[in-house]
Every structure is written in C-alpha cells, then in structure tokens.
Amino acid sequence: MTLLDHIWPTTATINSYGHLTINGCDVVALAHQYETPLYLLDAATISQHCRTYHEALQHGYCGTSSIHYASKALLNTAVAQFMAAEGLGLDVVSGGELYIALRAGVPAANMHLHGNVKTRAELEMALEAGVGRIVVDTLDELALLSQLTSHHSQPQAIMLRLAPGIDADTHAYIATGHEESKFGLPLAVFGEAVDHIRESPGLRLSGLHVHLGSQLFDDRPFVQAIELLLDRASWLRATFDITIDTISPGGGIGVAYTTEQAYNIHMWAQQVGRALEAGCAARGLPLPKLVIEPGRSIIARAGVALYSVVATKAAPQRPRYLHIDGGMADNIRPALYQAKYAALLANRAHENPVEQVHVAGRFCESGDVLLRDVALPYATSGDLLALASSGAYTLSMASNYNQVPRPALLLVESGTATLIQRRETYADLIIRDSALPVREKGLG
Ligand code: LLP
C-alpha cells in the first residue's frame, strides 16, 4: 500500500488493485455503487483537523477560546451534526444555513450569524432562535437590530465586524480586510456604531471581529488585526467603561491544493495567542475569549471528488482533453479563481504519469476546464479521475447549470460509506416549477 501526500485525506492509500482507498473504502467500488460525479468526505481527516485546532488553541492561548466552523465551506445536516459532535460552534451566514443547522440539532447559542446582508426576516429568525452572537456589518443593520430588540428583556449579544484596511495576500475575490472591501464597518464609523449600541437597551456589545480573507498563509496580517482590535477594545474601556468579552480574527487559514505547504495551525494559533496575551497585558485588558472561524482548513482536505472520463479529444501539438461528467457546476473554483487542483486516476493510482492533459468539464462554457496541464497515466473513457482537497467551497457553491443534477456526498468512516446527501434527480429539477394552464392552440 502506498501512502499519498498531504493534499489527500489522511487515510488515503492505494490498494493491491491499484485503486485509491479512503478510510478503508475502495473508491472505485463506491463510484460503481453510487455513480459519478461523486464527492467523498473522510471523517478521520475532519476529526483530525478539529482536534488540531482544539490543541493549538489550548497550547497557543491562555484565555478561553472556541472554534466556529464557517459553514459556507460545506453544510448539510450531517456535516452540521459532525461539527457539533467535534465540539465546534457554527458560523452561519444566511437564513438557509441557520435553518439547516437548527434542524440538525445544533444549539442556536453555539452559532454566530454573519453576512454583509442580513434581511429583516433573517435577523428575526436569528433572534427568535436565540443565536449566540450576531456579527454586525453595517450601521443600517445596527439600526434595524436595535429596533427589533428594543422590547427584549435579555439584550442580544453582538459583535462589530470592522473593515481593518489590512491587505492580505490572496486572490482579489477572496480578500476581505482591505479598505475598499464591501465587508465590515469602516473604522471611521466605529464611534458612531458604539454610540448607537449604547442607546439600544436590546443590544450588548460583546466583541470585535475582523475577517481578512481566505486561503491566507501569513501570520502577520492576523497579528496586525489583533493589535487593531485591541486598540478599539482599550478605547472602549477607557471612554465608556465597556469591557468586551470576545475577539475574533475570523477564519481564512490556507490549505494545500497542489504543491503548497499546508499552514501550520499550531504556529498560527501561537502567533495569534501571543499577540492577544501581550496586547492585553500592554493595555491592561483582561483576556477575552478568542473565537476563530475556520472553514476551508477544516473540510477541504477531507473531500475527494470523483468523476468518470467520458470521452477524450486529441489535437496535434496540444495536450489531450479528458472530458469528465462534472465540472464547473459542482466546482466553480477553477473558473472563478483560477484555482489549481491535483488529480490522479483512482482506478490506476499505482501507475506513473505519462502525459500532460487538460481536464474539461461537461458544462457549456469554454471556461469549464477543471485542470490544465496535469500529469496523468494515459487515460481513456471509463477511467475514474479523483481530485484532491475538494471538500471546501465546491458543493456549497454548486449550481444546476445546464440542468445537471448535483452530485451525491458520502461520509467514509472505518470502511463504511454513508450517503449523507443523495444525488439530485431529474424530478428534483422541476420540483419548484408550475406548469402553465393548458392553452388552446391557434386562437387569437
Ligand atoms: N469567517 C468569515 C466572516 C468569512 O467570510 C469566511 C469565508 C470564513 C470565516 C471562513 O474562511 P476560510 O477559513 O474558509 O478561508 N469561495 C471562496 C472562499 C470564500 C470565503 C468566504 N468567507 C473559495 O472557494 O476560495
């Protein structure tokens, strides 16, 4: 059995048939049983990442802390339950995510509601459910929340998400901490926001928050953000005698997709923890609770996407195309962010690469090419292609473009695969439609 490297699930091996296995399951057998495209999630990898975060925070920070999984990375009932069982809270960003998490049995108190747009209905839903904290993004949202909570006997805990004006090195579409970002309150209106909260009996300022962006590999912007938040915390205490109890530097820890080094979570927690401890000591502040919101770094590596090669296309002097039965509708990331993935042939995983190919999705867009110039054994129709690190922001961003049903999702655990989200059917595609009343033809 051959061990695969750090972009594949921790339990990935190659068996004596040359098949990729995940957590004791032969993925070729799973593809036959459940058809492709198919997504697998390795339970052991998710658990290991959760454990690493728990330990890293315990060692890296003297104060209390909690981990809120950013459910936008991937959410359904089983995933919500899994995270709760691992001792994680949830960061939800819409009424839909909140609904799924509540229906999965996650206590509302362990959730934070995020988003630059929260509709009145979503805020009402969150207040009624009793979400732990609402992370306020705009002055308008604050005004609405103030109004909605004015008769509450218990004030709602809120955090203010600030736009810190910190540039983090990542793709422009997933950077969020820079000054022109649509997210967060500009620092210039922080005082106004605080005044508003002080005049709102239904609101309690519990904490300060930033989220700098996603797929980050540098500690420095996080440390800079902690300093900036502590300066505001110190000002709040000196000016209004308000002591905040929570600080959050958001999520965004980067993962390896191809040749990158995975971010060392212990080192990250140590840098952030140290910055908080030293920053609080220097300002005479008590240690706040540190809340972090990882999404990708919990779930990406646990996921493997399986596709069948349906056809190939050769042209002189150019790499061959492998045409697969999925693509941008189940993984928009290559088209949207030029994201790179690594792949292997899951049914011939022991074979060495012999050529560079492009892997084309099935959707009617020239931009639907999942991989370019990837080295593989000579592949033909019927081969099974596996993409690594496919757990985050793939199915959660999936669409029904071209009216292709979305793939099934299996959780694999100790040799057993459990279907946690079935494949969509053609009937699902018209479930929301209403037919027009029958019309007489040829009249008028
Ligand atoms: N907290 C907040 C407030 C966020 O907006 C996000 C992600 C996270 C936490 C989690 O970030 P993570 O640890 O997963 O990097 N679709 C893009 C990523 C968008 C991230 C949006 N916000 C992608 O596929 O790269």
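Remember, it's 1-based here, ligands and their atoms both numbered in the order they're listed. Throughout, residue positions are numbered sequentially from 1 according to the sequence presented. Keep in mind that this is a model prediction, so the values were computed, not measured.
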Closest approach of any protein heavy atom to atom 20 (C) of ligand 1, naming residue and atom: Y393 OH, 3.6 Å
Check: Q156 main-chain N/O paired with R204 side-chain donor or acceptor under 3.5 Å: no
Option set H112, Q215, E293, criterion heavy-atom distance to atom 9 (C) of ligand 1, minimum: E293
Distance-only polar pair, side chains of Y39 and Q421, donor-acceptor under 3.5 Å: no
Test item, A73 contacting ligand 1 (heavy atom, 4.0 angstrom): no
Options H209, M397, H211, ranked by nearest heavy atom to atom 8 (C) of ligand 1, top entry: H211
Sub-3.5 Å N/O-N/O distance, R333 and ligand 1: yes
Enumerated ligand 1 atoms positioned under 4.0 Å from heavy atoms of A70: 8 (C), 9 (C), 10 (C)
Atoms in ligand 1 with a heavy atom of G295 nearer than 4.0 Å: 12 (P), 13 (O), 14 (O)
Nearest-neighbour protein heavy atom for atom 21 (C) of ligand 1, which is reported as residue plus atom name and distance: K72 CD, 3.8 Å
Closest approach of any protein heavy atom to atom 25 (O) of ligand 1, naming residue and atom: R296 NH2, 2.8 Å
Contacting atoms of ligand 1, where contact means under 4.0 angstrom from a heavy atom of P294: 13 (O)
Ligand 1 contact on V93 by region, counting heavy-atom pairs under 4.0 Å: neither
Sequence neighbours excluded, every pair satisfying ring-ring contact (aromatic ring centres under 6.0 Å, His included) that has a member inside residues 182-204: F190-W235
Closest protein heavy atom (residue, atom, distance) for atom 15 (O) of ligand 1: S214 OG, 2.3 Å
Close approach of G250 to ligand 1, heavy atoms, under 4.0 angstrom: no
Contact list for residues 72-105, test ring-ring contact (aromatic ring centres under 6.0 Å, His included), sequence neighbours left out: none
Whether over 12 other heavy atoms sit under 6.0 Å from E128 CD: no
Any N/O pair H114/ligand 1 closer than 3.5 Å: no
Nearest non-hydrogen partners of V291 and H112, listed with the distance: CG1-CE1, 3.8 Å
H114-H211 aromatic ring centre distance below 6.0 Å: no
Ligand 1 N/O within reach of R161 N/O, cut-off under 3.5 Å: no
Under 3.5 Å side-chain donor-acceptor pair for Y393 and N331: no
From CA spacing to verdict: side chain to side chain donor-acceptor pair (under 3.5 Å), D368, Y401: CA-CA 12 Å; D368 183 23; Y401 185 43; over 6 Å; no
Residue pair P288 / C280: nearest heavy atoms and the distance that separates them: CD-SG, 3.5 Å
D428/R423 ion pair, N-O < 4.0 Å: no
Part of F183 with heavy atoms under 4.0 Å of ligand 1, whether side chain, backbone, both or neither: neither
Nearest neighbour in protein (non-hydrogen) for atom 16 (N) of ligand 1: Y337 OH, 2.7 Å
